[in-house]
Amino acid sequence: MSHPQHKFLDEITQRILAQLKERDIDEDVKFMKFVVHLMVRDMRRGLLQTDLNKPSACNIAAFIDDIVSGYLDKTDTTMANMRMSWIVKMGHGIQLSYVREQYEQQFQQQLKLLIADILQYPESCSKLQLDQLFAKMQVFIVATNHLGCPRNHVLLKLTAMALNSVIGRSDLQNYVLKKKYHRQEYLQRLADTVAGIVIYNNDGPDGDRENVRYVIGDLEMAQSNTNAGFNAALERLKNLCDRCQTAVSDQLQFNCKETQLLYRVPLEQLHRINQFTVTFYMLQRCLTALKRSYEHTAYLVSVETGRYECVVAKINDTLSMRTSIQSELIFPHFVYLSKVWSNLNHYFNHIVELNKLREQLEQQVTKEMTHRAKDTITQIQDLAKRRKDWFECSFFERMDALKKYQTDGNFCSLAKADIKEFCGLTLAVTNGLLLPAKVQRKLCMNVDIKFGFQDETYARIGELWFERFITALRQAIFNSANLALLFKLDDALIEKELQPVPVEPPKTNDFNGQTEMVVTNDLSPSNWINVTWNAWDYHRETIHLAEIRKRQTHDAQTKVTYGQRNAQNQTYNTRQHL
């Protein structure tokens with residue numbers, strides 16, 4: 001049995017998808033479910049202020065229209081946060097192992113026909129067939145090891161020269177005589193050897209860079225561009241976040257001695273700036289995760305590049321001062337060189353996928369959204385200039401303002417979130433405004449959670465009012481879809497709802513019994529036994545069996561009657577003592 005609200009939210013999802021389909025927009029059903037389940041809990045745009053079990057039609061219609069309009073609006077910050085979170089969740093390209101597996105699977109699928117064509121040649125091949133086989137081997141070697149374009153005749157000529165140095169016409173005839181599974185294994189080993197020779201011959205500054213691919217140079221260029229892209233994006237986001245937070249902090253004053261909050265403009269106006277702060281920080285954290293994965297791959301590239309240089313130096317030492325050398329001594333080095341080349345190609349593919357994810361994430365924060373954030377800051381600053389007096393409110397009143405909202409979020413889930421970067425007391429008092437933290441404190445000894453504060457005074461207040469502070473902080477985070485996405489608590493928030501409700505076992509069980517059916521149309525002699533059409537015969541038979549039951553003797557009574565009970569304890573005199 002599913003959660004009571006699950007069916008209701010699925011109906012809302014279907015209505016939203018229907019409206020998007022009318023606009024010729026096909027959206028992923030799973031993503032839209034994710035949006036609905038998270039948006040319904042938002043205290044500003046959700047349905048928390050109504051009864052979710054019995055919502056009114058007007059509230060549901062307004063909720064659906066808000067999601068549809070936000071989906072179509074490219075400057076909607078909440079929908080941008082949803083998309084960024086979903087891209088990171090579904091973007092398996094961040095994992096090197098996944099990229100390697102997908103590229104290998106796709107590549108093997110493309111080479112499947114070529115491999116089958118090479119292996120289909122019969123044992124009695126003509127000269128023309130052997131020439132065709134030789135040409136197909138060249139294409140296979142170039143494509144398998146990513147040496148360049150298989151249509152490049154210069155590259156194919158270089159590959160043919162290397163292939164001639166490894167296998168001759170007689171050896172090619174012997175290759176055809178091998179069994180099919182042996183031929184495929186030998187073909188792969190041959191391709192690695194020949195590719196290693198081509199890579200080695202084109203190594204160094206004098207290599208043919210126009211026809212033969214040089215993955216070392218590609219990686220150097222890709223790393224340079226990726227570093228520049230990440231650094232520029234993160235620097236721009238840092239400036240935007242600082243500008244938004246400065247604009248918010250200029251309109252707030254915390255009187256910790258009197259536990260009073262002073263603000264020049266209404267807090268709802270400051271939340272207009274805060275929603276852009278959350279979006280910029282959301283993109284910053286997503287890009288930081290991608291950069292962390294890129295740095296790991298860059299380290300692997302440096303290690304593999306060292307191996308590449310090492311094996312090239314080893315081949316140079318082996319070939320120096322020698323006119324002839326046995327193939328068993330030199331060919332394994334070429335095979336190893338091709339393996340290192342293949343690993344470098346995998347790392348290059350991973351860097352390409354990371355750049356695709358970075359560009360996809362940056363597209364969610366458009367230039368229009370950035371301009372809108374700057375315009376909002378200007379409007380708030382102009383509004384503050386027209387007010388001379390400050391609004392005043394106590395910390396207690398602000399913390400108690402969220403008591404009317406209910407949340408399924410667990411306090412222990414905050415241990416998984418990175419909340420120490422922002423001031424926790426500001427979050428609790430202002431109901432969600434983000435300001436940077438300068439000190440960190442662990443207020444709860446039972447749970448490993450570090451909270452951030454602007455200074456020691458803020459931390460002391462959070463420690464003295466720990467229960468009230470934690471309650472307000474939990475309500476502010478879990479009742480805001482943007483903050484739940486920023487701190488990666490969205491899965492923990494909707495996990496309880498997606499779990500099935502336990503069903504209580506019934507107090508009484510129904511016994512499904514079936515009355516024995518009497519066959520009346522089968523009059524064979526074997527079925528005449530115990531078959532009758534008279535109900536009184538059944539009554540007489542029942543009384544007869546009851547009488548027999550009454551006359552049965554019991555084992556204990558019989559033993560007492562014959563004096564055999566406890567016979568093991570009785571003694572008998574022998575004949576000599578009579």
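Computed over heavy atoms, backbone and side chain alike; hydrogens, waters and symmetry mates excluded.
- With no hydrogens or angles considered, no side-chain donor-acceptor pair links Arg236 and Asn239 at under 3.5 Å.
- Between Ser480 and Asn482, the side chains place no donor N or O within less than 3.5 Å of an acceptor N or O (distance only, hydrogens not considered).
- Looking at heavy atoms from C-beta onward, Arg285 lies in side-chain contact with Asp418 at the 4.5 angstrom threshold.
- Using a 4.5 Å cut-off on side-chain heavy atoms (C-beta onward), Met282 and Val365 make no contact.
- No side-chain heavy atom of Arg189 sits under 4.5 Å from any side-chain heavy atom of Phe331.
- Between the CG atom of Leu17 and the CZ atom of Phe31 there is a distance of 11.0 Å, given to the nearest 0.5 Å.
- Between the side chain of Ser249 and the backbone N or O of Gln245 there is at least one donor-acceptor pair closer than 3.5 Å.
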Next on the checklist: Test side-chain contact (heavy atoms from CB on, under 4.5 Å) on Phe422 and Phe453; report intermediate values, then the result.
Outcome noted: CA-CA 7 Å; Phe422 307 102; Phe453 298 96; over 6 Å; no

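- Interatomic distance, CD of Gln284 versus CG of Leu240, reported as 10.0 Å (0.5 Å rounding).
- Panel note: side chain Asn202, backbone Val198; a donor-acceptor pair is recorded below 3.5 Å.
- Distance alone, capped at 3.5 Å, places no donor-acceptor pair between the Ser293 side chain and the Ala289 backbone.
- If you take CG on Leu219 and CD1 on Ile351, they are separated by 5.5 Å, rounding to the nearest 0.5 Å.
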Name each donor-acceptor pair under 3.5 Å that joins a side chain in residues 93-105 to protein atoms two or more places apart or in another chain, with its distance.
residue, atom, partner, partner atom, Å
Tyr103, OH, Glu353, OE2, 2.9
Glu104, OE2, His346, NE2, 3.0

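- Side-chain contact between Ile419 and Ile449 is present, with heavy atoms from C-beta onward closer than 4.5 Å.
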Item to check | Pair Met221-Asn225, side-chain contact (heavy atoms from CB on, under 4.5 Å): steps then yes or no | outcome: CA-CA 6 Å; Met221 183 179 297; Asn225 295 335; 3.6 Å; yes

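- The shortest heavy-atom contact between Cys286 and Leu361 is CB-CD1, 3.8 Å.
- Considering Lys367, Glu368, Arg372, His371 in turn, Arg372 is the only one that fulfils the side-chain hydrogen bond (donor to acceptor under 3.5 Å, both in side chains) rule with Thr75.
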Item to check | Candidate pair Glu220 and Tyr214, rule side chain to side chain donor-acceptor pair (under 3.5 Å), full reasoning | outcome: CA-CA 10 Å; Glu220 290 177 355; Tyr214 187 59; over 6 Å; no

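- Remark: Arg292 is not positioned above the aromatic ring of Phe230, lacking an NZ or CZ atom under 6.0 angstrom from the ring centre and at most 45 degrees off the axis.
- Electrostatic pairing of Asp490 and Lys488 does not count as a salt bridge here, judged by no charged N lying under 4.0 Å from a carboxylate O.
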Checklist entry - Would Arg15 and Glu11 count as a salt bridge (Lys or Arg N to Asp or Glu O under 4.0 Å) if you check the C-alpha gap in whole Å, the side-chain angles of each, and the deciding distance to 0.1 Å? => result CA-CA 6 Å; Arg15 291 176 60 179; Glu11 293 176 356; over 6 Å; no

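- Identified under the side chain to side chain donor-acceptor pair (under 3.5 Å) test for residues 26-35, with sequence neighbours left out: Glu27-Tyr71.
- Between Arg83 and Asp76, none of the side-chain N atoms (NZ, or NE/NH1/NH2) sits under 4.0 Å from a carboxylate O, so this pair counts as no salt bridge.
- Trp86 is not listed as a side-chain neighbour of Asn81, based on a closest heavy-atom distance of 4.5 Å or more.
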Next on the checklist: Could you go through Tyr294 and Asn355, starting from their C-alpha distance and side-chain angles, then the distance that decides it, and tell me whether this counts as side chain to side chain donor-acceptor pair (under 3.5 Å)?
Outcome noted: CA-CA 9 Å; Tyr294 160 72; Asn355 279 280; over 6 Å; no

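- Side-chain contact check for Tyr336 and Asp192: no donor-acceptor pair (N or O, by modelled atom type) lies under 3.5 Å.
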Side-chain atoms of residues 150-163: list all donor-acceptor pairs with protein atoms under 3.5 Å, sequence neighbours left out, distances to 0.1 Å.
residue, atom, partner, partner atom, Å
Asn152, OD1, Val154, N, 3.0
Asn152, OD1, Leu155, N, 3.4
Asn152, ND2, Asn211, OD1, 3.0
Thr159, OG1, Leu155, O, 2.8

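- No hydrogens or angles considered: a donor-acceptor pair under 3.5 Å links the side chains of Lys291 and Asn231.
- Among all heavy-atom pairs drawn from Gln223 and Ala298, the shortest one is NE2-CB, 3.6 Å.
- To the nearest 0.5 Å, atoms CD1 (Ile64) and CD1 (Ile12) are separated by 5.5 Å.
- Atoms SG and CG, from Cys241 and Leu283 in turn, are 8.5 Å apart once rounded to the nearest 0.5 Å.
- The two residues Gly148 and Val142 come nearest to each other via the heavy atoms O-CG1, 3.7 Å.
- Across all non-hydrogen atoms, the minimal contact from Leu190 to Met137 is CD2-SD, 4.1 Å.
- Minimum interatomic distance between Cys244 and Thr277 (heavy atoms only, all atoms of both residues): CB-OG1, 3.1 Å.
- Around NZ of Lys238, the count of heavy atoms belonging to other residues, nucleotides or ligands within 6.0 Å does not exceed 12.
- A donor-acceptor pair under 3.5 Å is formed between the side chain of Ser338 and the backbone N or O of Val335.
- Atom CZ of Arg307 is separated from atom OG of Ser302 by 10.5 Å, given to the nearest 0.5 angstrom.
- Not one N or O on the side chain of Asn145 forms a donor-acceptor pair closer than 3.5 Å with the backbone of Leu147.
- Contact record, Val68 with Gln19: CG2-OE1, 3.5 Å, taken as the closest heavy-atom pair.
- With hydrogens and angles disregarded, a donor-acceptor distance shorter than 3.5 Å links the side chain of Gln364 to the backbone of Gln360.
- Proximity of Met369 to Phe276: side-chain heavy atoms (C-beta onward) are separated by under 4.5 Å at one or more points.
- Taking the side chain as every heavy atom from C-beta outward, Leu486 and Leu434 approach each other to under 4.5 Å.
- Taking the six-membered ring where the residue is Trp, Trp341 and Tyr308 present tilted rings, their angle falling between 30° and 60°.
- In this structure, a donor-acceptor pair under 3.5 Å is absent between the side chains of Tyr299 and Glu304.
- Side chain of Ser69 to main chain of Asp66: a donor-acceptor pair is present (N/O by atom type, distance under 3.5 Å, no hydrogens or angles).
- Inter-residue side-chain proximity for Asp491 and Lys89 is flagged as met; some heavy-atom pair is nearer than 4.5 Å.
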